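Protein chains get the first letters and strands the later ones, always in sequence-line order, with residue 1 at the start of each. These figures come from a predicted structure and were not determined experimentally.
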Amino acid sequence: PATNLGLEDIIRKALMGNLEE
Amino acid sequence: EITKEQQAFMKVIVDSYNRHQIPQDVTKKLLQEQYSAEENFILLTEMATSQVQVLVEFTKNIPGFLSLDHEDQIALLKGSAVEAMFLRSAQVLSTKMPNGHTEVLEERIRNSGISEEFMTPMFNFYKSIGKLHMVQEEQALLTAVTILTPDRPFVKDHPAVERLQEPMLEVLRKLCALHHPREPQYFARLLGRLTELRTLNHYHTEMLTSWRMN
């Protein structure tokens with residue numbers, strides 16, 4: 001369902017966060 | 001009793017649990033936004049998005065998590081997000097927030113188009129968590145244990161996840177004995193909540209579909 005895709009996007013972006021720091 | 005190493009390990013998780021909260025500007029909207037099913041829907045969706053980001057920040061600090069395979073990290077987070085968020089919401093709702101925030105949040109949830117058949121198991125879960133009177137260390141560790149559950153869809157390296165979850169369960173067991181000496185079943189009761197969470201997780205997928213239609 002669309003929400004799960006949304007969930008994965010939020011998770012990927014938040015996980016990537018540590019690469020920018 | 002808890003070893004020095006376990007003490008340090010627990011401190012990292014509890015500090016992270018406290019540091020990562022939903023930002024004030026999101027939570028204060030609870031009181032400001034006016035009151036309609038649409039408004040509540042938008043507000044709850046925004047809070048859920050923020051809660052997922054908070055969850056990821058917390059999880060990054062779980063010792064060993066970032067050393068797991070990257071796709072397994074995603075699979076674990078995706079598989080446990082809903083459960084970890086229900087657990088966190090239950091803990092927030094069971095500790096009385098100042099000047100009526102709890103009542104306002106509960107009212108918004110009850111008036112946001114979520115079907116009644118989902119409302120009941122959700123609030124029952126919140127009550128059962130409230131009755132346990134968990135201390136903060138138990139809340140943080142139970143959340144970490146929930147996230148590090150190996151049998152989530154698409155997780156490839158189960159043993160690697162188990163190796164991380166095992167020490168956490170061990171510390172949690174000791175904590176329960178320490179904080180609840182007269183309740184030998186307490187640890188088992190905590191793990192029982194994880195089973196209840198899985199049922200909620202199942203309801204949640206159905207609830208979203210009906211919610212969207214409403």
Side-chain angles (χ1 to χ4, degrees), chain A, chain B residues 16 19-20 22-23 26 41-42 44-62 65-86 114 118 147 152-155 201-214:
Chain A
T3 330
N4 275 353
L5 194 66
L7 179 63
E8 186 165 326
D9 289 337
I10 299 168
I11 290 171
R12 280 188 188 279
K13 217 171 273 153
L15 264 176
M16 292 289 288
N18 64 358
L19 296 183
E20 278 137 22
E21 271 146 36
Chain B
S16 176
R19 207 167 51 250
H20 297 298
I22 294 182
V26 176
F41 175 89
I42 293 161
L44 289 172
T45 305
E46 192 182 329
M47 281 183 80
T49 305
S50 175
Q51 234 183 343
V52 172
Q53 289 158 342
V54 164
L55 180 70
V56 173
E57 291 310 316
F58 164 70
T59 308
K60 286 184 199 174
N61 292 288
I62 296 176
F65 181 81
L66 290 179
S67 60
L68 292 170
D69 165 83
H70 186 66
E71 286 312 307
D72 273 2
Q73 289 176 27
I74 310 258
L76 284 173
L77 280 161
K78 209 176 149 196
S80 65
V82 169
E83 290 176 24
M85 285 159 66
F86 272 127
I114 295 178
F118 179 69
I147 295 162
R152 298 294 187 191
F154 311 116
V155 172
N201 195 4
H202 168 70
Y203 278 136
H204 180 260
T205 317
E206 284 164 27
M207 180 278 285
L208 279 185
T209 320
S210 82
W211 195 15
R212 218 175 279 119
M213 255 167 309
N214 288 352

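Remark: B/Q73 CD to A/R12 CZ distance equals 10.5 Å, nearest 0.5 Å. Within the model, atoms CG of A/L15 and CD1 of B/I74 stand 5.0 Å from one another, a figure rounded to the nearest 0.5 Å.
Contact tally against chain A (heavy-atom pairs below 4.5 Å) for B/L55, B/T59, B/V52: the top residue is B/V52.
At distances below 3.5 Å, not a single donor-acceptor pair connects side-chain atoms of B/K78 with backbone N or O atoms of A/I11.
Counting non-hydrogen atoms of other residues, nucleotides and ligands closer than 6.0 Å to OH of B/Y203 gives a total of 12 or fewer.
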